[in-house]
Amino acid sequence: MGWYRLPHSVATVHLRCIPLLSLLLYFTSLPHLSLAHTASSKWQQRGLIGYGIEMYQPPCAHACQRILKQSPLSCSTPPVADRWHGGSGLGFDTSPDCFAGDDAYILSLAWCLNQRCLAANAETSNHSYRHEDNVQEMRGKEEDWKVEQFWAYAAVGEEDFKPKYPFSKALRLCGDGPQLAIKTGGPLGELSEVDVNEWSVAEISLRDFAWAEKSHSTYSLLLFASMTGLPIVLTFLCFLASAISTSLERLLLAHLIYPTIISKNHVVLRLLGETSPPTRGQALLVLLVFLLNLLFSLLGYRIHMPSVIYDSSSEQIADLVANRLGVLALANLPAIVLYASRNNPFTRFADWSHTTSILMHRWIAYICVAQVVLHSVIYFVLHLHVLVHKFTQSYWVVGVVGTVTICIMVPASFPFVRKRWYEFFVDTHIVLTFVVLCTSFYHIYFKFEHHWGYENWVYFAGIIWGIERLYRGSKIAANGLRRTAQVLEVDEEYFVANIEDVEGTGMAYLYFPTYGWRAWENHPFSIMASVIESRNDVGQKEIYHGDAVFELVGSDSDSDIESDSEFKLDQPHERRYLKCDEQRLTYGKDDYDAIREPIPMTPITPIPSSATVMLADSERDDNFRNSQSVTNGLSFLIRREQGATGHLFTTSRKLRVLVEKYSTHISRNFSILTTATPNLVCIAGGVGISAILPLIRARAGGGSLGFRTALYFGTRTPGLVHTCGLEELAGDMRDHGIIIHIKIGSRWELDEVVRQEVSHQSAGTTLGSRAVKDVTVVVCGPAGMVNTVKKAVVEANKRRKDGIVRLVEESFHW
């Protein structure tokens with residue numbers, strides 16, 4: 001499913017585990033790290049609330065300020081709606097310079113701080129517990145320092161405005177203390193005392209709110225660590241399972257990692273973006289992600305009434321849940337961007353397939369959308385009575401735009417949109433993502449500016465996106481900015497694109513900057529060969545069916561090898577031969593004895609063909625060298641689709657191209673598949689042969705005597721057989737245990753193919769003095785074909801008592 005790897009040697013496993021364990025330790029310790037901050041000013045703190053940023057510290061001082069700010073001063077003015085922050089909502093507005101210069105407010109605040117903070121600390125520090133004397137004395141001094149800091153930076157509410165008196169002078173001006181007690185909401189015209197009961201309620205409310213905000217930060221960090229640490233943990237557990245017992249590994253493969261959750265792709269899954277049903281392991285992974293998000297949405301709340309912040313407990317619960325959902329949605333943004341990136345660390349360190357990463361990207365995005373919608377709906381309901389006023393505030397309007405945008409992204413990413421209008425999907429997806437990140441940032445900034453660190457999650461997502469794009473650019477630049485792709489037509493459906501002076505294996509994204517106005521557009525293709533070989537002749541290559549090297553089975557114009565349906569044998573088994581009729585291939589039918597005659601194979605077009613054979617120099621005879629012109633480069637077998645690939649090279653056989661290379665399952669495990677896998681079965685459909693060809697050629701030229709390799713290839717186009725250069729391998733493949741079966745215009749019964757191959761190899765292949773009964777099946781093709789092979793491998797593992805049937809899936813399903 002993407003987090004299962006082929007077995008390695010012990011030394012290789014240990015080396016591979018070093019970066020995995022390092023990343024695991026990093027992610028698990030992430031929630032406990034206090035982010036760097038500057039302590040000189042509240043507004044200069046960096047990080048998240050509770051992890052670098054302190055909220056309402058000290059709470060006793062903020063409780064005094066909270067009560068006093070609810071009273072109008074002599075310099076207060078009538079309310080004016082603030083389009084950025086929304087105003088005070090108290091029926092009056094008091095500016096920072098008014099707070100800084102009003103004696104009644106300054107002296108009343110100083111007296112409250114002295115009575116509720118300093119006096120309490122002095123009393124605490126005089127406790128007669130001898131073993132705690134030093135600790136309590138230090139606590140008192142720390143609180144005194146916090147009070148002084150509060151007075152310098154937070155007494156007015158704005159860092160740029162300072163109280164007109166220092167704290168010590170304000171205390172002296174208070175004299176013997178106030179003669180009046182302030183009434184909450186009443187005018188504050190002279191030195192007044194805050195009621196102790198009201199102060200106690202405010203202090204508890206602010207302390208609980210700060211604790212809840214720290215909980216939001218804690219659970220958001222835990223969520224991000226879980227989302228990014230799961231691949232490493234699961235991969236490590238799979239390593240342990242394979243190391244502990246072969247039976248345990250076979251059990252996991254047969255019942256968790258390989259089987260799909262349903263036999264066919266349900267319409268609901270298709271609407272949710274799944275082009276093929278996920279495996280049980282993938283479904284379990286998605287379920288785990290959902291449960292973690294749900295769990296972190298429900299834990300860590302304190303409900304306490306009465307409160308100076310909320311009017312009822314139901315309002316308090318709704319507000320806290322809405323805040324938690326908003327913070328968790330922000331924490332999901334970096335994970336969404338990370339899983340969508342081509343260069344994410346999970347494919348490098350955990351050997352996850354791109355398909356599994358995109359599945360995680362998609363489902364975390366669905367969860368994030370649900371969190372954003374719930375966050376918006378709850379706040380919408382809580383502010384129904386002031387809804388008109390809210391729509392005059394910028395933070396509210398930007399938040400609505402962000403919610404609508406992220407909801408639009410869901411239907412714009414459905415499979416039929418991706419398949420039919422792929423270029424439109426990619427372009428709009430990037431634009432809408434940019435809008436979501438911008439609206440998220442400004443929604444936070446217009447409400448809180450940079451006070452509480454919520455925007456750091458948006459920064460993090462943007463940094464991941466930016467670094468990944470820069471890395472893409474560096475990979476493109478490393479392959480050269482002035483490369484040219486030359487096309488060789490196979491037929492009306494397929495063509496081969498050759499790019500000289502570029503090296504690589506696996507797959508690559510190709511950009512065609514001079515084609516159309518979308519210079520950034522790119523598409524993934526498997527690398528068919530890492531050398532370009534142009535024939536100087538078009539001589540016939542003889543292939544004998546009597547030696548069972550090839551099996552060519554009839555033509556059926558109605559069959560669709562490339563479709564998402566399963567391969568099935570839809571006609572009786574017939575042997576046919578190809579004969580050349582000038583520039584087109586026609587079919588003739590004969591009896592079995594006639595098939596022992598040579599079958600000529602010629603190119604489908606009279607232009608020089610690309611054989612693209614990856615053989616070692618020692619395997620190439622003189623005739624081969626004389627008939628081939630070999631240059632370094634990459635060859636791609638491309639099928640024309642409805643989008644850009646359907647219009648490439650229609651007016652010119654050469655186009656400027658940029659190459660961005662990546663490894664695949666096969667290329668990452670190439671050495672294992674070629675030198676440490678005695679029993680190999682390769683199944684390819686149509687253009688899927690391009691991903692498997694390098695593996696077949698390497699096993700043919702690698703001298704792996706005693707190994708067995710079987711290739712089953714189905715294609716509608718006879719020209720693919722010659723273009724892929726399979727006939728070049730017909731000479732001595734028997735000596736290397738390689739058998740190639742080809743069907744043209746007909747479909748393989750894949751269940752039967754896998755069953756027969758596994759049964760044939762169940763006796764084991766002798767490797768040295770040891771019999772190896774494990775079988776590895778490599779498949780590349782349409783989703784329907786891959787799912788059929790996957791089911792067959794699952795059933796084979798269920799039937800086996802010894803040995804394992806492993807699956808390497810090379811697909812790029814979106």
Side-chain angles (χ1 to χ4, degrees), residues 42 55-80 86-123 143-144 146-158 161-210 304-312 316:
K42 171 185 175 180
M55 174 177 264
Y56 297 143
Q57 291 296 322
C60 59
H62 283 274
C64 294
Q65 183 191 57
R66 180 87 180 195
I67 294 174
L68 292 173
K69 279 195 169 185
Q70 294 180 6
S71 298
L73 307 179
S74 59
C75 53
S76 297
T77 59
V80 177
S88 63
L90 297 173
F92 60 89
D93 288 339
T94 306
S95 62
D97 56 342
C98 176
F99 282 122
D102 189 88
D103 283 1
Y105 171 78
I106 292 175
L107 298 182
S108 299
L109 180 61
W111 183 258
C112 183
L113 295 179
N114 180 63
Q115 293 296 109
R116 307 303 173 202
C117 296
L118 299 183
N121 291 333
E123 180 182 353
E143 294 295 336
D144 291 352
K146 287 185 177 182
V147 171
E148 292 282 358
Q149 186 188 41
F150 170 84
W151 184 266
Y153 296 107
V156 174
E158 296 288 343
F161 295 88
K162 310 294 182 183
K164 63 187 296 186
Y165 305 124
F167 182 58
S168 57
K169 182 177 181 180
L171 282 180
R172 290 197 302 270
L173 292 175
C174 291
D176 295 332
Q179 303 299 318
L180 298 175
I182 187 174
K183 182 179 180 180
T184 304
L188 181 61
E190 59 180 294
L191 174 63
S192 302
E193 183 171 7
V194 174
D195 182 76
V196 64
N197 293 324
E198 292 184 357
W199 174 87
S200 178
V201 170
E203 198 266 349
I204 294 175
S205 300
L206 297 180
R207 192 182 293 273
D208 287 349
F209 189 83
H304 189 276
M305 296 299 293
S307 171
V308 297
I309 302 175
Y310 306 105
D311 295 330
S312 64
Q316 183 179 10

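Position 1 is the first residue of the sequence, and the numbers go up from there. We use all heavy atoms of the structure for the numbers below, so side chains are in, but hydrogens, waters and symmetry mates are not. None of the values given here were measured: they were computed from a predicted structure.
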* To do: Please report the shortest heavy-atom distance between Cys98 and Leu73, naming the atom on each side.
  => SG-CD1, 4.0 Å
* Structure fact -> Trp151 meets the ring-ring contact (aromatic ring centres under 6.0 Å, His included) criterion, sequence neighbours left out, with Phe167
* **Atom of Gly186, atom of Pro72 and distance for their closest heavy-atom approach** => O-CD, 3.5 Å
* Asked: So which of Arg116, Gln149, Lys146 actually passes side-chain contact (heavy atoms from CB on, under 4.5 Å) with Pro58?
  -> Lys146
* To do: For the residue pair Leu206 and Met55, establish whether any side-chain heavy-atom pair is separated by less than 4.5 Å.
  => no
* Asked: Do Trp111 and Glu193 touch side chain to side chain, with heavy atoms closer than 4.5 Å?
  -> yes
* To do: Using modelled atom types only, decide if a donor and an acceptor are shared between the side chain of Lys162 and the backbone of Ala152 within a distance under 3.5 Å.
  => yes
* To do: With sequence neighbours left out, write down each residue that passes side-chain contact (heavy atoms from CB on, under 4.5 Å) with Lys169, or none if nothing qualifies.
  => Tyr165, Pro166, Arg172, Leu173
* Under 3.5 Å: donor-acceptor pair, side chain of Ser192, backbone of Glu190 -> yes
* With rounding to the nearest 0.5 Å, note down the distance linking NE2 in His304 to CZ in Arg207. => 12.0 Å
* Mind checking what makes side-chain hydrogen bond (donor to acceptor under 3.5 Å, both in side chains) contact with Ser74, not counting sequence neighbours? -> Asp102
* Which value, rounded to the nearest 0.5 Å, describes the distance between Ile182 atom CD1 and Leu188 atom CG? -> 4.5 Å
* Asked: Should Ser108 and Val194 count as side-chain neighbours, where that means a heavy-atom distance under 4.5 Å?
  -> no
* Any side-chain heavy atom of Trp199 sitting closer than 4.5 Å to one from Gln115? -> no
* **Closest non-hydrogen atom pair, Tyr105 against Gln65** => OH-CG, 3.5 Å
* SG-CD1 distance between Cys112 and Ile67, expressed to the nearest 0.5 angstrom -> 6.5 Å
* Between the side chains of Thr94 and Ser76, does any donor sit under 3.5 Å from an acceptor? -> yes
* Kindly compute the distance separating CD (Glu148) from CG (Leu113), expressed to the nearest 0.5 Å. => 9.5 Å
* Please tell me if the side chains of Leu109 and Phe99 come closer than 4.5 Å, counting only heavy atoms from C-beta onward. => no
* To do: With rounding to the nearest 0.5 Å, note down the distance linking CD in Glu203 to CZ in Arg66.
  => 13.5 Å
* By ring-ring contact (aromatic ring centres under 6.0 Å, His included), which residues pair with Phe209, not counting sequence neighbours? -> none
* Asked: Residues in disulfide bond (SG atoms under 2.5 Å apart) with Cys174, at least two apart?
  -> none
* Asked: Closest approach of Ile106 and Ala170, non-hydrogen atoms and distance?
  -> CG2-CB, 4.3 Å
* Structure fact -> By side-chain contact (heavy atoms from CB on, under 4.5 Å), Ser312 pairs with (sequence neighbours left out) Ser314, Glu315
* Asked: Looking only at the SG atoms, are Cys60 and Cys117 under 2.5 Å from each other?
  -> yes
